[in-house]
Amino acid sequence: ELSITQLIAIGVGSTVGAGVYVLVGTVAREHSGPALTLSFLIAGIAAALSAFCYAELASRCPSAGSAYHYSYICVGEGVAWLIGWALILEYTIGGSAVARGISPNLALFFGGPNSLPWILARHELPWLDVVVDPCAAALVFLVTALLCVGIKESTFVQGIVTVLNCCVMLFVIIAGSYIGFQTGWVGYKVSGGFLPYGVNGMLAGSATVFFAYIGFDSVASTAEEVKNPQRDLPLGIATSLSICCSLYMLVSVVIVGLVPYFAMDPDTPISSAFARHGMQWAMYLVTSGAVLALCSTLMGSLLPQPRILMAMARDGLLPSFFSDVSEKTQVPVKSTIVTGICAASLAFFMDVSQLAGMVSVGTLLAFTIVAVSILILRYVPPDEVPLPSSLQASFRLSQECDEEKVGSPLGDGNHEQGTSEIKDVIVVESIDDPLIEKQLYANKLDELKRRKTAARSIASVCVGVLILTASASVSFLPFLVRCFACVFGGLVLLAGLGVLSWIDQDDGRHSFGHSGGFICPFVPLLPVMCILINTYLLINLGGGTWMRVGVWLVMGVFVYIFYGRTHSSLTDVVYVSLAQANEIYGSPSSSGFVA
């Protein structure tokens with residue numbers, strides 16, 4: 001059902017949240033100053049590295065599982081399970097946090113904070129010391145019902161909300177530019193200059209605003225509902241990210257120029273900037289933009305999770321209940337309802353703002369594993385595929401037929417059959433020639449050696465990145481120890497990158513998945529840079545965040561051990577070469593099999 005226009009609506013709507021209405025003031029005051037625009041540009045370039053990797057994998061393997069599915073194919077089931085488990089946490093908490101943020105903004109239209117009607121207002125339960133938010137839960141249920149109606153209908157509504165939000169941001173850009181030219185852009189004439197906190201401050205601001213770009217990956221989760229995934233998925237991801245980056249940069253250029261960075265309101269920087277110039281009424285327009293952005297982000301948070309649950313259930317790692325697709329609406333209704341109930345419960349009972357850092361862990365882990373999957377796909381793509389038990393009889397039958405062809409007498413059958421058998425025997429005899437056999441054996445050894453070298457180099461890159469980013473981030477170690485660890489990690493990283501640049505990529509990459517789509521450029525440099533940036537951001541999320549995420553991941557390990565492994569679709573499979581798999585899947589007996 002989905003075209004490129006609808007994909008752009010999903011990508012922009014899921015990415016441009018209310019954060020931009022707050023981040024502008026906070027980052028400008030504390031990190032970047034007037035150089036905030038450069039911070040958004042650098043963060044956008046860093047996000048584009050992940051977008052390139054997503055675009056190739058989405059084009060080759062269009063599946064609803066997104067990063068879970070890519071890591072399942074390229075890395076393995078265990079790692080894929082952890083990625084999927086982390087994404088479940090991300091989308092649930094993310095949706096709940098967004099829903100909780102809508103009610104305070106809505107209250108401004110009713111006269112100020114805590115002015116919502118009684119049935120929607122927040123109430124404290126003194127015996128539980130809990131503040132419930134009926135408005136947040138109601139909004140989650142409303143979005144859940146919309147998603148159950150159908151992907152085309154929900155995308156249409158999200159598109160309208162996204163267009164209205166973009167119109168508010170365009171108003172900020174145009175009206176702000178007019179005021180700026182009238183007043184002389186006082187924000188750029190401050191005494192501290194363009195970089196008051198230096199280059200380090202600008203880079204620190206980039207790390208903060210990077211999370212404003214999270215959301216474009218939700219486009220990949222709709223792959224199975226796209227009309228032309230090979231063409232439209234890469235274009236949808238790239239276009240939505242470009243629009244978001246342009247809007248962020250233009251808004252930051254205008255707002256930083258209207259008010260000196262040190263005088264910005266950290267909570268309401270945009271509306272207060274207009275109020276300083278006599279446009280108090282703009283507060284309501286900006287607030288409506290924030291509400292629209294939150295509603296669009298809420299839809300973007302609840303849309304991917306049912307599809308990831310569906311993909312995990314199809315692989316046997318979750319109960320088949322989650323993989324059911326409604327015949328009428330063609331969406332996973334049961335998974336969507338479960339997702340909505342969980343998100344609504346969290347939004348109703350819990351203040352999830354303290355857990356907001358956990359949302360970033362799932363996204364950054366997904367970005368990292370997608371970049372690793374690109375390296376694996378290019379250098380050591382899977383040369384064997386699992387054959388389900390339903391097709392193992394076809395595999396044994398084809399093996400028996402091959403043996404009969406080689407061993408049958410030439411005189412059997414008609415003349416045409418005998419001619420073909422003579423050709424087969426000639427081919428077999430030519431392969432038995434010692435010189436040809438020796439050359440084939442040597443080529444096979446060279447290929448095995450290349451694959452082993454590539455695999456070790458990819459591992460070297462990952463280990464080097466981990467050592468380098470960890471040693472650069474920890475502050476309790478002595479300075480010399482940190483320097484030595486950084487140098488060692490950098491050398492390990494550069495060694496792996498150098499070997500990957502020197503050796504050839506695997507020929508199998510051309511036939512892996514759907515060919516003819518988008519190809520990620522500058523491999524291996526681009527994926528390695530993506531791994532480096534995302535790992536650095538992951539390590540700097542804080543110890544408290546990692547402790548909470550660690551508890552969730554340990555729970556996931558136990559679920560995988562006691563349920564996922566025992567019910568996995570890989571338990572009774574036989575691994576066969578790609579050529580044999582293509583032959584079996586193309587036979588009439590396997591025409592009903594869906595890979």
Side-chain angles (χ1 to χ4, degrees), residues 15-44 101 104-105 107-108 112-113 165-166 168-214 244-294 297 353 356:
T15 305
V16 180
V20 67
Y21 294 94
V22 180
L23 280 176
V24 170
T26 305
V27 177
R29 280 175 62 97
E30 300 177 2
H31 300 293
S32 302
L36 176 63
T37 306
L38 293 182
S39 294
F40 272 112
L41 176 62
I42 294 171
N105 286 279
L108 295 177
N165 179 31
C166 290
V168 173
M169 297 182 74
L170 288 175
F171 164 79
V172 171
I173 295 167
I174 296 171
S177 299
Y178 176 78
I179 297 173
F181 283 113
Q182 292 291 321
T183 58
W185 298 103
V186 294
Y188 291 109
K189 298 178 181 179
V190 293
S191 58
F194 188 70
L195 292 168
Y197 298 102
V199 176
N200 289 335
M202 181 187 67
L203 294 176
S206 298
T208 304
V209 301
F210 175 83
F211 299 104
Y213 289 96
I214 289 176
C244 295
C245 186
S246 301
L247 289 173
Y248 288 160
M249 292 177 64
L250 290 172
V251 168
S252 61
V253 164
V254 170
I255 299 303
V256 171
L258 293 181
V259 182
Y261 69 93
F262 49 80
M264 279 190 176
D265 188 326
D267 296 321
T268 57
I270 297 179
S271 56
S272 62
F274 282 103
R276 285 172 65 102
H277 294 86
M279 296 177 63
Q280 285 82 0
W281 55 269
M283 177 192 73
Y284 296 100
L285 194 60
V286 173
T287 303
S288 64
V291 172
L292 290 169
L294 285 167
T297 307
S353 59

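The analysis underlying the following values was restricted to heavy atoms, covering all of them including side chains, and did not include hydrogens, waters or symmetry mates.
By the neighbour-count criterion of 12 heavy atoms within 6.0 Å, atom CZ of Phe194 is densely surrounded, having more than that number from other residues, nucleotides or ligands.
Rounding to the nearest 0.5 angstrom, the gap separating the CG atom in Leu41 from the CG atom in Leu36 is 11.5 Å. Separation of atoms CH2 (Trp185) and OG (Ser177) is listed at 4.5 Å; rounding is to 0.5 Å. Leu203 contributes atom CG, which lies 7.5 Å from atom OG of Ser39 (distance to the nearest 0.5 angstrom).
Looking at every heavy atom in both residues, Ser206 comes nearest to Ile42 through OG-CB, 3.5 Å. Nearest approach of Val256 to Met264, heavy atoms of both residues: CA-CE, 3.5 Å. The nearest pair of heavy atoms linking Leu247 to Cys166 is CD1-SG, 3.9 Å. Of all heavy-atom pairs between Thr297 and Val16, the closest is OG1-O, 3.9 Å. Annotation for Met169 and Tyr21: closest pair CG-OH, 3.6 Å, computed over non-hydrogen atoms. Listed here is the closest heavy atom pair of Ile255 and Pro269: CG2-O, 4.3 Å.
Listed for the Tyr213 side chain is a donor-acceptor partner under 3.5 Å among the backbone atoms of Phe40. Side chain of Ser252 to main chain of Met249: a donor-acceptor pair is present (N/O by atom type, distance under 3.5 Å, no hydrogens or angles). Judged purely by atom type and a 3.5 angstrom limit, Arg29 uses its side chain to pair as donor or acceptor with the backbone of Phe262.
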Intermediate values then yes/no, side-chain contact (heavy atoms from CB on, under 4.5 Å), Leu258 and Arg276: CA-CA 9 Å; Leu258 293 181; Arg276 285 172 65 102; over 6 Å; no
Stepwise side-chain contact (heavy atoms from CB on, under 4.5 Å) test for Met279 and Ile179: CA-CA 10 Å; Met279 296 177 63; Ile179 297 173; 3.3 Å; yes
Full working for side-chain contact (heavy atoms from CB on, under 4.5 Å) between Leu285 and Phe171: CA-CA 9 Å; Leu285 194 60; Phe171 164 79; 3.2 Å; yes
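Between Ile270 and Val251 there is a side-chain heavy-atom pair separated by less than 4.5 Å. The side-chain heavy atoms of His31 and Tyr197, taken from C-beta on, include no pair separated by under 4.5 Å. Between Val253 and Tyr188 there is a side-chain heavy-atom pair separated by less than 4.5 Å. Pro196 places none of its side-chain heavy atoms less than 4.5 Å from the side chain of Val190.
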